[in-house]
Structures are given as structure tokens and as C-alpha cells.
Amino acid sequence: MKTFEQRRQDYSPYGFSCELWHPTVMGRFDHHNEIEINFIPHGSLKYFFHDRIAVLPEGSVCVFWGLLSHRIVDFNNLTSYYVVTIPIASFLKWGLCQSFINRLFSGEIIVDSSFSTEENIINFERWIKDQNNPSLSECMRLELQSRIKRIAINNRDSGHQNYIANGYPMSKIEDIILYISQNYHRPIKTSDIATAVGLNPDYAGTLFKKTLGQTITEYLMKERIANAQRAILFTDEPITQIAYMSGFNSISSFNIAFKRISDLTPREYRKLSTNISK
């Protein structure tokens with residue numbers, strides 16, 4: 001059974017996989033450029049997704065884009081859950097309806113409960129076994145493709161809204177993250193963020209670093225680059241325009257930050273995304 005590795009390199013891929021995971025409260029956000037599916041066989045799982053809190057109830061299957069900031073903050077009566085990750089290259093070749101793809105890449109969290117818990121357990125357990133069997137791995141991928149298509153059909157008009165929990169108290173760390181998710185495109189600094197959530201800048205920086213293992217500035221930079229990656233992948237906007245829309249005040253600083261986080265230049269990233277979608 002897998003658990004989240006707190007020291008895992010951010011943005012590194014999981015690959016095409018189906019695994020049984022042990023739930024843990026995640027000390028930091030995870031990012032990976034794959035579609036992620038979670039199945040909650042019992043109990044519930046509470047996620048902090050980018051700019052919202054979502055509670056995934058028993059028996060639900062949740063689909064989201066892993067490049068969105070996501071972090072487990074609580075769980076109840078849950079000893080294990082299933083996680084599937086699908087590389088974008090494979091996902092985009094599955095012939096899914098464009099509206100469903102757009103919803104995922106615009107940040108929607110799609111939750112489906114159309115299959116029984118018993119059916120889901122049988123399917124996910126079979127996929128875990130089949131993925132390592134050369135004779136059956138293709139069956140596993142075809143079945144996952146069919147399952148995603150059914151989720152798209154069953155959730156044409158409904159998404160995450162029934163599972164968003166606006167009533168949960170927000171910690172100061174969550175307040176900071178929420179403020180960044182709503183204002184990363186503006187020329188904000190650590191002092192602006194701290195003031196907005198009612199904290200002394202030095203204390204806010206220390207608290208954030210101690211809790212998430214990175215500075216507010218580092219997190220803000222990653223949020224800006226994640227937005228730029230989405231825009232480069234799924235819009236035709238010029239890269240210069242994307243840089244300014246993502247909160248950068250110069251192309252040189254954007255290129256340096258993008259290369260450091262993505263291991264590719266913005267133009268290389270766009271070329272890669274063009275090849276993927278063909």
C-alpha cells in the first residue's frame with residue numbers, strides 16, 4: 001500500500017498506474033501533470049483543492065487534473081483508497097467530449113457516484129492486478145477509458161458543487177493559499193499576502209515555511225507557473241501574454257522560473273503539448 005511521500009519532487013510524474021493508497025494528512029500540496037482518479041470505498045476524504053475545500057463521500061469516484069494544487073487535510077473512517085493516474089498524452093487520445101476535457105482543465109473537480117461500491121472495488125482491484133500483466137494491461141487501459149467516458153456522460157451538467165464544503169473553518173495557512181490562488185496574477189508580495197490574512201509578514205513567512213516546507217514566495221511562483229502551463233497547453237495565447245497574465249513583470253524572470261520548475265522553456269513546453277495532442 002502506498003502513502004504520499006512528503007519529500008517527493010514536486011511536478012514529477014506518477015505514470016500510468018492504479019494503486020491502493022493509505023490516507024495521510026499531506027504536509028504540502030502535490031502537483032503532477034496527469035489526470036488523477038480517487039475512489040473512496042468507505043468513510044470520507046477531505047481535500048484542499050487549489051482554491052476550495054472538497055469532501056469526497058463514501059462510494060464516490062473523483063476525477064481532477066493533478067496539476068491543480070491538491071492536498072489531503074483530513075479523513076474519517078478511511079483506512080485505504082484507490083488512486084489512478086493517467087498521463088495527459090494517453091488521456092487526450094481517448095476521444096472524450098471536448099466539454100468534459102475543458103471542465104477538467106479549467107479546474108473542475110468531477111465527482112461520480114453512479115457505480116456501486118462493490119462494483120468499484122471489483123474494478124479497481126482488477127486494474128491493480130492487470131497493469132503489471134503484459135497480456136491484460138491493454139484491457140485495463142481500455143476499461144479505464146470506458147469508465148471515464150461513462151463518468152463524462154453521467155455528469156454532463158453536474159460537477160463538484162455538491163461536495164464543496166464552504167462551512168469548514170480555514171486555517172491561516174489555507175487563508176494564505178486561497179489569497180494566492182485568487183491574486184497570483186497581480187503584482188503581490190509576501191507582505192501584501194500577510195496583511196490580507198491579518199498576520200505579521202515575518203510570522204506569516206515562518207509559519208508557512210514550517211508548515212509546508214517552502215516559502216510563500218516559492219509557492220506563489222509555483223502557482224504562477226501552474227497557471228502558465230495550463231494556458232500554454234490549452235490556449236493559443238502568445239507566450240509573452242501568458243507571462244504577464246500569470247503575474248510576471250518581465251519575460252526573462254518568467255523564462256527562468258518556468259525552466260526551473262518545468263525543466264523546459266515555455267516554447268519547448270508548447271511544442272511538447274502540440275505533439276501530445278496530435
Side-chain angles (χ1 to χ4, degrees), residues 8-13 28-33 48-52 64-71 88 102 104-108 170-277:
R8 177 180 183 276
Q9 183 179 354
D10 210 10
Y11 293 95
S12 61
R28 65 174 181 83
F29 281 89
D30 194 18
H31 306 84
H32 54 93
N33 193 18
F48 194 158
F49 282 112
H50 182 58
D51 59 353
R52 73 206 71 160
F64 61 94
W65 187 21
L67 200 60
L68 295 172
S69 303
H70 57 284
R71 172 184 168 220
I88 295 296
N102 291 344
L104 283 176
F105 291 128
S106 66
E108 186 168 343
M170 301 285 280
S171 70
K172 287 299 183 182
I173 295 297
E174 291 166 343
D175 285 340
I176 290 171
I177 291 167
L178 181 60
Y179 183 83
I180 290 173
S181 71
Q182 295 173 339
N183 296 277
Y184 65 86
H185 58 285
R186 297 173 53 237
I188 54 173
K189 301 177 181 179
T190 298
S191 57
D192 301 318
I193 298 167
T195 300
V197 301
L199 293 177
N200 172 275
D202 291 338
Y203 176 71
T206 300
L207 179 65
F208 197 89
K209 174 73 173 179
K210 182 178 180 181
T211 304
L212 297 184
Q214 58 187 306
T215 67
I216 293 177
T217 300
E218 288 169 340
Y219 182 83
L220 173 60
M221 188 67 65
K222 289 178 180 178
E223 189 72 12
R224 286 171 168 165
I225 294 300
N227 175 77
Q229 287 175 324
R230 290 193 290 270
I232 290 172
L233 280 172
F234 301 106
T235 76
D236 295 324
E237 291 285 348
I239 288 176
T240 300
Q241 182 66 20
I242 290 173
Y244 291 120
M245 289 169 53
S246 301
F248 290 88
N249 56 16
S250 75
I251 299 303
S252 60
S253 62
F254 171 67
N255 288 334
I256 291 170
F258 197 99
K259 175 73 173 179
R260 185 173 71 248
I261 291 174
S262 305
D263 291 327
L264 295 169
T265 68
R267 295 189 184 282
E268 289 170 341
Y269 196 82
R270 172 156 279 173
K271 184 177 180 180
L272 176 65
S273 69
T274 300
N275 294 333
I276 284 174
S277 61

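Numbering starts at 1 and runs along the sequence shown.
Under the rule for a side chain to side chain donor-acceptor pair (under 3.5 Å), the partners of Ser12 that lie at least two apart in sequence or sit in another chain are Arg8. Legend: residues meeting side-chain contact (heavy atoms from CB on, under 4.5 Å) with Asn33, ordered by chain and number and at least two apart, are Trp65, Leu67, Ile88, Leu233, Tyr269. Applying the side chain to side chain donor-acceptor pair (under 3.5 Å) criterion to Arg267, with sequence neighbours excluded, gives no partner residue. For Ser252, the side-chain contact (heavy atoms from CB on, under 4.5 Å) partners two or more places apart in sequence, or in a different chain, are Ser250. For Pro201, the side-chain contact (heavy atoms from CB on, under 4.5 Å) criterion is met by Ser191, Ala194, not counting sequence neighbours. The side-chain contact (heavy atoms from CB on, under 4.5 Å) check on Thr190 picks up Ile216, Thr217, with sequence neighbours excluded. Remark: His31 pairs with Tyr11 by the ring-ring contact (aromatic ring centres under 6.0 Å, His included) rule, at least two apart or across chains. Looking at residues two or more places apart in sequence or on another chain, you find a salt bridge (charged side-chain N to carboxylate O under 4.0 Å, His left out) between Arg28 and Asp10.
For the atom pair CD1 (Ile261) and CE (Met221), the distance works out to 7.0 Å, reported to the nearest 0.5 Å. Atom CD1 in Ile176 sits 11.5 Å away from atom CG in Leu220 (nearest 0.5 Å). Here the straight-line distance linking atom CG of Asn227 with atom CG of Leu68 works out to 10.5 Å at 0.5 Å rounding. Atom-to-atom distance recorded for Ile232:CD1 and Glu268:CD is 11.0 Å, nearest 0.5 angstrom. Distance check, rounded to the nearest 0.5 Å: CD1 of Ile193 to CD1 of Ile177 gives 11.0 Å. Once rounded to the nearest 0.5 Å, the distance linking OH of Tyr184 with CD1 of Ile225 reads 11.5 Å.
Listed by first then second residue, pairs satisfying salt bridge (Lys or Arg N to Asp or Glu O under 4.0 Å) with a partner in residues 176-204 number zero, not counting sequence neighbours. Annotation: salt bridge (Lys or Arg N to Asp or Glu O under 4.0 Å) contacts involving residues 238-265, sequence neighbours excluded, are absent. Note on residues 196-223: pairs passing ring pair (Phe, Tyr, Trp, His ring centres under 6.0 Å), not counting sequence neighbours, are Phe29-Tyr219, Phe208-Tyr219.
Here the side chains of Phe258 and Thr265 are not in contact, with every heavy-atom distance at 4.5 Å or above. You'll find the side chain of Phe254 stays beyond 4.5 Å of the side chain of Arg224, heavy atoms only. The shortest side-chain heavy-atom distance between Lys172 and Leu207 falls under the 4.5 Å cut-off.
Put simply, the side chain of Arg71 never gets that close to the backbone of Phe48: no donor and acceptor are under 3.5 Å apart.
Of all heavy-atom pairs spanning Ser262 and Gln229, the tightest one is OG-NE2, 2.9 Å.
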For residues 236-243, which side-chain donor-acceptor pairs fall under 3.5 Å, sequence neighbours excluded?
none

